[in-house]
Amino acid sequence: MSSLTEKDRPIVQLLLNTGTCPRCILRFCCVGSQALYRRPYKDLMKDLKEFLKNNQEKEDRVCFDVVDPPCKRIRLEHTEEGPDDLNHNGALQQIPSVNDENTAVENSAVNICSVCLGILQEFCEADFVKKVCQKVNSADYQFTSFVFSVSLPPQLSVRERAAWLLVKQEMGKLGLSLAKDDIVQLKEAYKWIIHPQLSEELGAPADGKVLFEVSVVFAHPETEEECHFLATACPDCFKPAKNKQSVFTRMAVIKALEKIKEEDFLKHFPCPPSSPKNLCVALEIQCNNGAVFVAGRYNKYSRNLPQTPWIIDGERKLESSVEELISEHLMAEFQADSFNFSSSGREDVDVRTLGNGRPFAIELVNPRRIRFTAEEMKGLQQTINNSSDKIQVRDLQLVTREAIGRMKEGEEEKTKTYSALIWTDKAIQKEDIAFLDDIKELKLDQKTPLRVLHRRPLAVRCRIIHTMKSEYIDEHHFRLHLKTQAGTYIKEFVHGDFGRTKPNIGSLLNRTADILELDVESVDVDWPPTL
Amino acid sequence: MAAAPGGAERYFTRWYKPGTRRARGGRGRGSGGHGFSQLQRNNYISFCRICVITLAEAHPLLQSGKTIKSINYQISANCSRLQNKVSGKSKRGAQFLTELAPLCRISSSDGEEYTIYSCIRGRLIEVNENILSNPAILQEKPSTEGYIAVVLPKFEESKSITQGLLTQKEYEEVLLKRLNSSS
């Protein structure tokens, strides 16, 4: 073992004696060579013992846990060992040596590492890798690279601390020091070992930056209560749990370990840590893909369609919605778990959206498929448009999360144009409405309309009508085209909302006015890019 | 095209609270019947809950010959409806009204004073300050620009609000009866 030197010998001996696995031993000796960790388990074990043997004159024997091994003999045939090593518990067996006098080794040597609880042992083996990859492949995601994330049980941090204190003490005797940060982190070593294997099996590289995540949660029920002493020692680190989840989260445990004094720790926790009987269990293996965003513009031709589903007391009041008509097909194509629909402003149920349409964006959560060509997107657009005459979409495209900001910008800042069909109680002639065309930058004070007052705060909004153009129809009707600031309530500008929008068409014409029809003619946002 | 009942009020359903007649003679303080409207968005079947309090057509103040001298939202030494301040979606800080809570007192130039009551329970959202600067609109457009106040009943009570109130039809029948009995 080229990376281990003389000064490591006592540590290796000590850790081996206390039931620490070879890879953890390497970690505590600050060995940074990734290749070493990847060597097969048995080879590592063999080499470590070799390393120790070279100085065996000084030592009596290397003692493993409870088994009486003939430690001086080195096993020669490692090739016989393979997956059969693993008994049904998954515990690595200590195969008795050829010359073992103590044949009654019926107890499978409790060889589970007292520091990593098997993470750097069993869970680095091909079987586990296969299990993970099976899960990934059956989930049927489209991906080019992956992130592998691992959640370790909090007890590991406690045991790591105990091991460090043990080693620190031993090194102290030799006048040496060992900083916590010099030790190779368990998770890091684990990834060194497992990433190449996963990459090989999945046919894709591991990449910390991508959005497709394969995550494994490990637990070790046997030692779950080991952390509990920290609650008495550092009570303020452990807040009461929100759900029925344990208070002893990894973060809380780590925080407490930082606070607790060495003496207190040693009082409550065995050092060296005890040898476990069981391995960790992999509770969950899950896949998750980062969200993708699809943007476009929609036209609405129905006067009976809400933007989002209209459900009161569990009862749907109006059939369908803009959101559902668009996202239904996207959900099917992208095979996502769920979606979030947002748009640059919105219109009432009875208002049409004409012209170029209104920009919208849909976030597709955890999609299975993420790669679509421009052609495929066009096809998708056609499918949506063929499926309904109430809405139509255009400029359908994939966009980034950042691009959504452009859309919301539009909501606050950009102008909109409308066409309103207006009724008046008293008769009008062409001349009576002509003056409206000359009014520019008309300032309105709009109190929160009564029709939304039950769910919005009471406030006064100052909004501007930039221009107007009237079209006389008959003595009681005319059409008005308006260009307004974003956020202007058009209906209230026409009927006055009990005088709470001033000025209003009624006050301008000195009549009672009402709005019979409203259309959005344009939403003046130049996003998403026109295709 | 026939003239549709137009304007903001077409979103509303009217409910009425008839007033009690005081004994004639003497200068009493009449509390004329007045109605109020409750918003129900007939087009969309949703229940919007907001109520606008207005004077009913038969209210003495709306009969010809009456001129309004003053409108006062200070209903007691400690309470002015003008000081009502609400904040947030839930309208925190609103003065809470019971059916008999006075909203304002209106004096006419012939010396009569009328107290306008809430008639429904709920949070006072706003009173109409436009009628302070322009009392005429109270008489010209009592059902719209001349409204008295906006009230938001509690969610749990929003359906029971109309108990004890009359529909427009029922109100008209009551008026008819009174007319016939007095002639």
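Quick note on labels: first sequence line is chain A, next is B, and so on, each numbered from 1.
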Next item on the list: Return the minimal non-hydrogen interatomic distance between A:Leu458 and B:Ile125, and the atom names on each side.
Entry: CD2-O, 3.6 Å
Notebook entry, point to check: Nearest heavy-atom pair of B:Leu152 and A:His454: which atoms, and what distance?
Noted result: CD1-CB, 4.0 Å
Margin query: Does atom NZ (A:Lys426) have a neighbourhood of more than 12 heavy atoms from anything else shown, all under 6.0 Å?
Written below: yes
Margin query: Please report the interatomic distance CD(B:Glu145) to CG(A:Asp497), rounded to the nearest 0.5 Å.
Written below: 10.0 Å
Check: Is the count of non-hydrogen atoms from other residues, nucleotides or ligands lying under 6.0 Å from A:Lys447 atom NZ greater than 12?
Finding: yes
Margin query: With a 6.0 Å cut-off (strictly less than), is the heavy-atom count around CZ of B:Phe155, excluding the residue itself, greater than 12?
Written below: no
Margin query: Please determine whether the number of non-hydrogen atoms from other residues, nucleotides or ligands lying under 6.0 Å from atom CD of A:Glu517 exceeds 12.
Written below: yes
Check: Taking the side chain as C-beta and beyond, is there a heavy-atom pair between A:Lys502 and B:Asn130 under 4.5 Å?
Finding: yes
Check: Considering residues, nucleotides and ligands other than A:Asn510, do more than 12 of their heavy atoms fall under 6.0 Å from its CG?
Finding: no
Next item on the list: Kindly compute the distance separating CG (A:Leu453) from CD (B:Glu126), expressed to the nearest 0.5 Å.
Entry: 7.0 Å
Check: Looking at A:Arg456 and B:Lys89, what are the two nearest heavy atoms and their distance?
Finding: CA-CG, 3.9 Å
Checklist line | Over 12 foreign heavy atoms within 6.0 Å of CZ, A:Arg346 | finding: no
Notebook entry, point to check: Between B:Val52 and A:Phe498, what is the shortest heavy-atom contact and its length?
Noted result: CG1-CE2, 3.8 Å
